[in-house]
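Here's the structure we're looking at; comments come further down.
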Amino acid sequence: MQTILSRFTFNQPQTRLLMKFLFVTLALLGIVAALLPGSGEGLPHADKLLHAGALFGFALLLDLATTRSFWRWQVPILLSYGAFIEIAQAFTPWRSFSVADFVADATGILLYWLLWRLALQRIVPHAND
């Protein structure tokens, strides 16, 4: 395991390019999925877990994709993405704007930052924030 991880360097330009591609691709797919009609079934508040999990993943990908400041550059992009989806959903007849979903998005970003702070900062360096 250690040899595989040592070969995969997060600061390599080709690795960052791959992470940028994944981030943009998944963000676009997320927009499409967010604007499709939902089934309305499932566990109560399960969509909040999906929001937090998705933005956690987007925060990870964006952090791997760039060395720009997490709090001054990445967080505003991620929060804008979440806000855009909520605003766009307000214009569909089958979805609605939800402040709680936006809070779940912000929670996912914060959870990623906490994980980074506790465990990942040596392998995923941030710019001075």
Side-chain angles (χ1 to χ4, degrees):
M1 177 73 171
Q2 182 62 20
T3 58
I4 292 172
L5 195 55
S6 63
R7 289 183 190 175
F8 188 77
T9 307
F10 292 110
N11 288 323
Q12 294 290 335
Q14 60 268 33
T15 302
R16 292 204 181 277
L17 184 62
L18 174 63
M19 294 301 127
K20 287 175 187 171
F21 175 77
L22 283 172
F23 174 78
V24 169
T25 301
L26 292 175
L28 291 173
L29 287 172
I31 291 169
V32 170
L35 296 178
L36 292 174
S39 65
E41 299 173 12
L43 299 172
H45 309 295
D47 66 318
K48 306 306 179 261
L49 293 173
L50 291 174
H51 276 266
L55 268 288
F56 180 97
F58 287 145
L60 172 64
L61 284 175
L62 189 57
D63 208 17
L64 294 174
T66 185
T67 57
R68 291 187 183 217
S69 169
F70 184 75
W71 289 104
R72 284 183 260 149
W73 194 81
Q74 296 177 44
V75 170
I77 286 174
L78 294 166
L79 290 176
S80 296
Y81 175 80
F84 171 77
I85 286 178
E86 293 308 315
I87 292 167
Q89 286 180 339
F91 292 100
T92 66
W94 47 81
R95 297 284 187 151
S96 62
F97 179 91
S98 171
V99 172
D101 286 350
F102 183 75
V103 170
D105 294 342
T107 301
I109 297 165
L110 181 61
L111 288 174
Y112 169 73
W113 181 80
L114 289 172
L115 176 68
W116 175 85
R117 188 87 171 141
L118 296 172
L120 299 177
Q121 59 184 313
R122 291 186 185 190
I123 59 173
V124 184
H126 283 175
N128 294 334
D129 284 320

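Residue numbers count from 1 along this sequence.
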If we only count heavy atoms from C-beta on, is the Ile77 to Trp73 side-chain gap below 4.5 Å? yes
Taking a hydrophobic cluster as the set of Ile, Leu, Val, Met, Phe, Trp and Tyr residues connected by side-chain heavy atoms closer than 4.5 Å, whether directly or through intermediates, do Leu17 and Phe23 fall within one such cluster? no
Is there a donor-acceptor pair under 3.5 Å between the side chain of Arg16 and the backbone N or O of Leu64? yes
For residues Leu18 and Leu26: do they belong to one hydrophobic cluster (side chain heavy atoms under 4.5 Å, members Ile, Leu, Val, Met, Phe, Trp, Tyr)? yes
On a heavy-atom basis, the closest approach of Ile87 and Phe97 is N-CD1, 3.9 Å
Answer yes or no: are there more than 12 heavy-atom neighbours, outside Phe21 itself, under 6.0 Å from its atom CZ? no
So how far is it from Asp105 CG to Leu110 CG, rounded to the nearest 0.5 Å? 12.5 Å
Measuring from Leu61:CG to Lys20:NZ, what's the distance to the nearest 0.5 Å? 13.0 Å
Parallel under 30°, tilted from 30 to 60°, perpendicular over 60°: which one fits the rings of Phe58 and Tyr81? perpendicular
Identify the two heavy atoms, one from Pro76 and one from Trp71, that lie closest to each other, and give their separation to 0.1 Å. CD-O, 3.4 Å
Test your reading of the model: is there a side-chain donor-acceptor pair from Glu86 to the backbone of Ser98, 3.5 Å cut-off? yes
Reported CG-to-CZ distance for the pair Leu114 and Arg117, which is rounded to 0.5 angstrom: 9.5 Å
Nearest heavy-atom pair of Gly30 and Ile85: which atoms, and what distance? O-CD1, 4.3 Å
Indicate if Leu28 and Leu55 have the same hydrophobic cluster label, given that clusters are the connected sets of ILVMFWY residues with side-chain heavy-atom separations under 4.5 angstrom. yes
Minimum heavy-atom distance Arg95-Ala34, with the two atoms named: NE-O, 3.4 Å
Which is it for Trp113 and Asp63 under the side chain to side chain contact (heavy atoms under 4.5 Å, CB included) test, yes or no, and what are the steps along the way? CA-CA 10 Å; Trp113 181 80; Asp63 208 17; over 6 Å; no
Nearest 0.5 angstrom please: Thr107 OG1 to Asp101 CG, how far? 11.0 Å
CZ-CZ distance between Phe84 and Phe102, expressed to the nearest 0.5 angstrom: 14.0 Å
State the CG-CZ distance between Leu60 and Phe56, to the nearest 0.5 angstrom. 6.5 Å
What are the two closest non-hydrogen atoms of Trp94 and Leu35, and how far apart are they? NE1-O, 2.8 Å
Group every Ile, Leu, Val, Met, Phe, Trp and Tyr by side-chain heavy-atom contacts under 4.5 Å, then state whether Leu78 and Met19 land in the same group. yes
Gln74 pairs by side chain to side chain contact (heavy atoms under 4.5 Å, CB included) with which of Ile109, Thr66, Leu79? Thr66
